[in-house]
There are 2 protein chains.
Amino acid sequence: MNKMQTLSKNQQIIFDLIDKSSEPLKAYSILFNVQKKGIKAPLQVYRALDKLVELGKIHKIESRNAFIACQNSSCQVSKATAFSICEICEKITEISSASLSKYLRNFKDKDGMKYSKYNLEFFGLCKKCR
Amino acid sequence: MNKMQTLSKNQQIIFDLIDKSSEPLKAYSILFNVQKKGIKAPLQVYRALDKLVELGKIHKIESRNAFIACQNSSCQVSKATAFSICEICEKITEISSASLSKYLRNFKDKDGMKYSKYNLEFFGLCKKCR
DNA sequence: ATTTAAATTGTTATAATATAACACTATGTA
DNA sequence: TACATAGTGTTATATTATAACAATTTAAAT
Ligand SMILES: [Zn+2]
Ligand SMILES: [Zn+2]
Ligand SMILES: [Zn+2]
Ligand SMILES: [Zn+2]
């Protein structure tokens, strides 16, 4: 049913880096980290990031211009994402809540418009920073 | 109760431009449009934008790097925002739904973390583009 | 096996978005 | 007045992201 997706060389290198990182990574920090592996130009990074986002393997934290590996099951291929962001230490966690995603999936606005995709970013203080 | 906030000269010029615009504006497009009014440098624009966001007079659409005037009552000073974005025509509307904002305001994650702020962006097709 | 299309890569240059640092000016208030 | 805070103007620079083009690899299709 789910066609197994094989990542290309650059995609795999960049996914591995993001996946093993304990914090979201920015594009140019990724670039710096993969230069030893032969990826030399921003475009090579951005292309891989685009593809990985499209596949739902990573998500972009829009308010931070940073990328994090999906902590769920690729989030229905990246169509429904929610994050918790600590405004002090910048710890970012992907929220996995069935009730939240159900609520948002079914949300209709005043015009009856239904949405195919959403991104939600919550801000506050994490346990440690409170 | 709400201290009436007087905008500074640059803040007022930039707010007026955004407020009368029918679509979200990007920083450098704002810069271009206010050069005849004597605002010449990016920093002057970004400083005014920062302040206007802080006051809740405008919001930043994170996924678009664009700014839109608040269509509600300054959204409790910018702490709770939700937008509808058409992926074809890029029409962007601020969503005002009591039930949505109540749901999100009260949302607690698994750790019992409560949030002081959120930003939600919905994507889909608007009436016209469907 | 050969052809073809689609995806990926490599590379240079450049566009678009945003902030640092510093000197100065206006405004409010004690 | 004197003091603090907020806002301004300016130059330079940092950060994020895409355009354009040529070559290569991969996966089907004949
Ligand atoms: Zn995910
Ligand atoms: Zn924290
Ligand atoms: Zn608003
Ligand atoms: Zn539309």
Side-chain angles (χ1 to χ4, degrees), chain A residues 2-18 21 23-68 77 87 90 92 119 121, chain B residues 2-18 21 23-68 77 87 90 92 119 121:
Chain A
N2 271 339
K3 187 173 129 214
M4 186 53 190
Q5 183 74 34
T6 311
L7 299 180
S8 75
K9 185 173 117 283
N10 289 359
Q11 289 159 15
Q12 190 69 57
I13 290 168
I14 286 171
F15 175 71
D16 288 344
L17 181 69
I18 296 172
S21 169
E23 57 186 9
L25 297 177
K26 310 196 120 205
Y28 276 73
S29 135
I30 292 169
L31 175 58
F32 179 81
N33 275 282
V34 297
Q35 279 179 331
K36 47 182 159 298
K37 307 229 175 193
I39 296 176
K40 290 182 198 137
L43 200 44
Q44 295 173 289
V45 172
Y46 280 104
R47 284 197 286 225
L49 290 173
D50 283 352
K51 191 66 185 190
L52 291 167
V53 166
E54 188 190 317
L55 295 172
K57 306 276 292 176
I58 64 172
H59 304 304
K60 182 174 187 183
I61 311 297
E62 293 287 355
S63 66
R64 299 299 187 263
N65 299 317
F67 299 85
I68 191 174
V77 189
E87 290 188 291
E90 289 292 321
I92 299 184
N119 179 55
E121 299 181 4
Chain B
N2 272 337
K3 187 174 131 216
M4 185 53 190
Q5 183 75 32
T6 311
L7 299 180
S8 76
K9 183 172 119 283
N10 289 1
Q11 289 160 15
Q12 189 68 59
I13 289 168
I14 287 171
F15 176 70
D16 288 344
L17 181 69
I18 295 172
S21 168
E23 58 186 8
L25 297 177
K26 311 195 120 205
Y28 277 72
S29 136
I30 292 169
L31 175 58
F32 178 81
N33 275 281
V34 297
Q35 280 179 330
K36 46 181 161 296
K37 306 229 177 194
I39 296 176
K40 290 181 198 137
L43 200 43
Q44 295 173 288
V45 172
Y46 280 104
R47 284 196 288 224
L49 290 173
D50 283 352
K51 190 66 185 190
L52 291 167
V53 166
E54 188 189 317
L55 296 172
K57 304 277 292 176
I58 65 172
H59 303 305
K60 182 173 186 181
I61 311 297
E62 293 287 356
S63 65
R64 299 299 186 263
N65 299 317
F67 298 86
I68 190 175
V77 189
E87 289 188 293
E90 289 292 321
I92 298 184
N119 179 56
E121 299 182 4

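FYI, side chains are in, hydrogens and waters are out, and symmetry mates aren't considered; it's all heavy atoms of this structure. Residue numbers start from 1 in every chain, and the chains themselves are labelled A, B, ... in the order their sequence lines are given, proteins ahead of strands.
- Checking the phosphate oxygens (OP1, OP2) of dT8(D), a side-chain nitrogen or oxygen of Ser8(B) falls inside 4.0 Å.
- The interatomic distance linking Lys9(B) (NZ) with dC24(C) (P) rounds to 19 Å, in whole Å.
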Taking only distance into account, with no hydrogens and no angle test, what donor-acceptor pairs under 3.5 Å do side-chain atoms of residues 61-68 of chain A form with protein atoms, sequence neighbours excluded?
residue  : atom : partner   : partner atom : Å
Ser63(A) : OG   : Glu121(A) : OE1          : 2.6
Arg64(A) : NE   : Glu90(A)  : OE1          : 2.7
Arg64(A) : NE   : Glu90(A)  : OE2          : 3.4
Arg64(A) : NH2  : Glu90(A)  : OE2          : 3.3

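- In this structure, the side chains of Lys9(A) and Gln12(A) stay at 4.5 Å or more apart for every pair of heavy atoms.
- The OG atom of Ser8(B) sits 8.0 Å away from atom CG of Leu52(B), with the distance rounded to the nearest 0.5 Å.
- Atom-to-atom, CD of Gln12(B) to C1' of dA6(D) comes out at 16 Å; the value is rounded to the nearest Å.
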Please table the atom pairs, donor to acceptor, closer than 3.5 Å between any side-chain atom in residues 33-45 of chain B and protein atoms at least two apart or in another chain.
residue  : atom : partner  : partner atom : Å
Asn33(B) : ND2  : Ser29(B) : O            : 2.8
Lys36(B) : NZ   : Asn33(B) : O            : 3.2
Gln44(B) : OE1  : Lys40(B) : N            : 2.9
Gln44(B) : OE1  : Ala41(B) : N            : 2.9

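- Of the candidates dT12(C), dT10(D), dT8(D), the closest approach to any side-chain atom of Asn10(B) belongs to dT8(D).
- In this structure, Gln11(A) atom CD and dA7(C) atom C1' are separated by 9 Å, rounded to whole Å.
- As a whole-Å value, the separation of Leu7(B) CG from dT27(C) P is 14 Å.
- Side-chain atoms of Leu7(B) and Leu55(B), non-hydrogen and from C-beta on, do get closer than 4.5 Å to each other.
- Taking only side-chain nitrogens and oxygens, Lys51(A) comes nearer than 4.0 Å to OP1 or OP2 of dT8(C).
- Note: Ile58(A) CD1 to Ile30(A) CD1 = 6.5 Å, rounded to the nearest 0.5 Å.
- For the helix from dA1(C)-dT30(D) to dA30(C)-dT1(D), the rotation axes defined at the first and last 5 base pairs enclose an angle of 40°, given to the nearest 10°.
- Rounded to whole angstrom, the span from the CD atom of Gln44(B) across to the P atom of dG7(D) amounts to 14 Å.
- Residues from residues 31-38 of chain A with heavy atoms under 4.0 angstrom of DNA chain D: there are none.
- Shown here are the salt bridge (Lys or Arg N to Asp or Glu O under 4.0 Å) partners of Glu23(A), two or more places apart in sequence or in another chain: there are none.
- Separating the CG atom in Leu49(B) from the CD1 atom in Ile18(B) is a distance of 5.0 Å, to the nearest 0.5 Å.
- In this structure, OH on Tyr46(A) lies 11.0 Å from CD1 on Ile14(A), to the nearest 0.5 angstrom.
- Between the P atom of dG7(D) and the CD1 atom of Ile13(B) lies a distance of 14 Å, rounded to the nearest Å.
- As a whole-Å value, the separation of Arg47(A) CZ from dA23(D) C1' is 12 Å.
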Please list, pair by pair, any protein nitrogen or oxygen found under 3.5 Å from a nitrogen or oxygen in nucleotides 14-18 of chain D.
residue : atom : partner  : partner atom : Å
dT16(D) : OP1  : Lys26(A) : NZ           : 2.3
dA17(D) : OP1  : Lys60(A) : NZ           : 2.7
dA17(D) : OP2  : Tyr46(A) : OH           : 3.1
dA17(D) : N7   : Tyr28(A) : OH           : 2.8
dA17(D) : N6   : Tyr28(A) : OH           : 3.1

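- The distance from atom NZ of Lys26(A) to atom CG of Leu31(A), rounded to the nearest 0.5 Å, is 14.0 Å.
- Per the geometry, CG belonging to Leu52(A) stands 15 Å off C1' belonging to dT9(C), to the nearest Å.
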